[in-house]
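To find a chain, count down the sequence lines: A is the first, B the second, and so on, and within it residues start at 1.
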2 protein chains.
Amino acid sequence: MTVESDTTGRIGSLANEVFTGIATKWALLIIDALGAETLRFNQLRAQVEGISHKMLAQTLRTLERDGIVDRTAYATVPPRVDYNLTAAGRELQATIHGICQWTHHHLDHIQAARDRFEGRVQ
Amino acid sequence: MTVESDTTGRIGSLANEVFTGIATKWALLIIDALGAETLRFNQLRAQVEGISHKMLAQTLRTLERDGIVDRTAYATVPPRVDYNLTAAGRELQATIHGICQWTHHHLDHIQAARDRFEGRVQ
DNA sequence: CTGGATCCGTCAGGATACTG
DNA sequence: CAGTATCCTGACGGATCCAG
């Protein structure tokens with residue numbers, strides 16, 4: 001429905017690009033973590049299990065660019081930067097949180113499915 | 001409950017492993033596609049834009065193993081295999097569909113945020 | 001038509017060091 | 001503390017061929 005805009009930008013490719021950006025382990029975990037409260041860089045690093053310094057910075061940058069995460073830097077020393085979700089980001093977080101909840105609630109179910117699968121494949 | 005399975009007893013690692021499996025572009029798109037209707041292999045291939053033969057088969061396998069996707073093969077010739085979501089899978093699909101919807105609804109918002117960001121970074 | 005198996009290039013992403 | 005830049009390895013994932 002009315003997808004073709006101009007010569008340069010196909011909306012479809014933008015959608016794919018954006019989706020590719022958030023359909024990532026780290027992006028999803030970061031967004032979910034920010035759902036609870038505003039966090040600073042190293043607080044996020046501690047909260048998102050196993051994420052590296054580089055990936056956190058990199059992912060936060062694209063999330064900020066796409067208007068999902070809001071970044072506010074204070075000119076203090078040492079510097080202090082707060083990250084929180086934008087209005088759009090909070091909407092997204094609500095659904096993402098559902099995935100995390102689902103994973104948590106179905107762990108035993110999944111374990112059983114795996115055992116069944118293993119026996120099935122011999 | 002049902003945590004004490006292996007020597008390590010790390011339920012956290014299972015959760016992380018499962019989450020890593022579904023927090024993927026292809027997995028999310030496949031699950032969302034199956035939300036609408038039962039689909040066959042090549043129907044899925046056509047529906048999930050840009051997915052390769054290999055990744056479709058591979059992702060479907062792990063989704064089946066984790067009890068998210070149900071696979072039913074008919075012993076006909078040529079063979080015919082139907083994929084659909086399990087009960088747990090449908091729960092998951094509901095939240096995943098929210099992400100797809102979000103992406104679709106916020107495209108203009110994102111585009112504006114990008115433009116703003118570009119100007120901001122000089 | 002479904003779905004392995006193999007080869008192979010690309011790049012995501014970790015480790016490290018450096019700046020403000 | 002926050003963020004960037006560089007190097008380098010492993011795996012993700014595409015293309016292709018083979019099988020039931």
Quiz item: Hey, does the Lys NZ or Arg CZ of A:Arg65 hover above the aromatic six-ring of B:Phe117, less than 6.0 Å from the centre and inside 45° of the axis?
Solution: no

Quiz prompt | Of the listed nucleotides D:dC1, C:dG4, D:dG13, the one nearest the side chain of B:His53 | solution = C:dG4

Practice problem: Just do the salt bridge (Lys or Arg N to Asp or Glu O under 4.0 Å) check on A:Glu17 and B:Arg114 with the steps written out, would you? | Solution: CA-CA 13 Å; A:Glu17 188 182 331; B:Arg114 286 193 176 190; 2.9 Å; yes

Quiz prompt | d(CG, B:Leu44; P, C:dT2) in whole Å | solution = 9 Å

Quiz item: Is the ring centre of B:Phe19 less than 6.0 Å from the ring centre of A:His104?
Solution: no

Quiz item: When you measure from the side chain of B:Met55, which nucleotide among D:dT4, D:dG13, C:dG4 comes out closest?
Solution: D:dG13

Quiz item: Considering residues, nucleotides and ligands other than B:Glu49, do more than 12 of their heavy atoms fall under 6.0 Å from its CD?
Solution: no

Practice problem: Figure out the CH2/C1' separation between B:Trp26 and D:dC12, and round it to whole Å. | Solution: 12 Å

Quiz item: Taking the nucleotide of DNA chain C with the closest heavy atom to each, which residue, A:Gln58 or B:Gln43, is nearer the 5' end?
Solution: B:Gln43

Quiz prompt | Proximal nucleotide (of D:dG13, C:dG14, D:dC1) relative to the A:Asn42 side chain | solution = D:dC1

Quiz item: When you match A:Lys54 and A:Arg80 each to their closest nucleotide on DNA chain D, which lands nearer the 5' end?
Solution: A:Arg80

Quiz item: Between D:dG14, C:dG4, D:dT4, which nucleotide gets closest to the side-chain atoms of A:Ala57?
Solution: D:dT4

Quiz item: Which part of the nucleic acid, if any, lies within reach of B:Tyr83 when heavy atoms closer than 4.0 Å are counted: base, sugar-phosphate only, or nothing?
Solution: sugar-phosphate

Exercise. Write down the distance between CD1 (B:Ile51) and P (C:dT2), rounded to a whole number of angstrom.
Key: 14 Å

Practice problem: Return the value, rounded to whole Å, for the distance between atom CG of B:Leu56 and atom P of C:dG4. | Solution: 11 Å

Exercise. State which of D:dA2, C:dA15, C:dT2 makes the closest approach to the side chain of B:Phe41.
Key: C:dT2

Quiz item: Once you round it to whole Å, what is the distance between C1' of D:dG14 and CD of B:Glu49?
Solution: 16 Å

Self-check item: Gap between atoms CD1 and P, on A:Ile30 and C:dG13 respectively (whole Å)
Solution: 11 Å

Quiz prompt | A:Thr72, A:Asp70, A:Asn84, A:Leu85 screened by side-chain contact (heavy atoms from CB on, under 4.5 Å) with A:Thr38, the one that passes | solution = A:Asn84

Quiz item: Of the candidate nucleotides C:dC1, D:dA2, D:dG13, which contains the atom at the shortest distance from the side chain of B:Pro78?
Solution: C:dC1

Exercise. Side chain of A:Pro79 only, please: which of C:dT2, D:dC1, D:dG13 is the nearest?
Key: D:dC1

Self-check item: Proximity to the side chain of B:Arg40 - top-ranked nucleotide from C:dG4, C:dT2, C:dG13
Solution: C:dT2

